[in-house]
Amino acid sequence: MLKQHLIQIGVTLSVAILTRFLTGMTSPLATSSKFRQRAGFGSCADIRYQQVLNKVKQLGFGA
């Protein structure tokens, strides 16, 4: 699970991190944490970032 992996490397899951993960956006954290190898990475790539961000916030995920 993504949250457990982030905890292991000392990173707190945030709305921004989760949204970037779901939309498949890379970042230094995503690269060093090998997000592309995790299930669900980019699963919302065909949806606009703002829509995914709003839904993540609405559902109360992230910090």
Worksheet item: Do you know the tightest heavy-atom contact between Ile17 and Leu13?
Response: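 Smallest heavy-atom distance, with atoms named: CG2-CD1, 4.1 Å.
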
Discussion item. Return the CG to CD1 distance between Leu22 and Ile47, rounded to the nearest 0.5 Å.
Written reply: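 Separation between the atoms: 9.0 Å.
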
Donor-acceptor pairs under 3.5 Å, side chain of residues 35-46 to any protein atom, not counting sequence neighbours: which ones?
unit_1 : atom_1 : unit_2 : atom_2 : d
Arg38  : NH2    : His5   : ND1    : 2.9
Ser43  : OG     : Gly40  : O      : 2.9

Pair up each side-chain donor or acceptor in residues 48-58 with any protein partner under 3.5 Å, not counting sequence neighbours, and list the distances.
unit_1 : atom_1 : unit_2 : atom_2 : d
Gln50  : NE2    : Asn54  : OD1    : 3.1
Asn54  : ND2    : Gln50  : O      : 3.3
Lys55  : NZ     : Gln58  : OE1    : 3.1

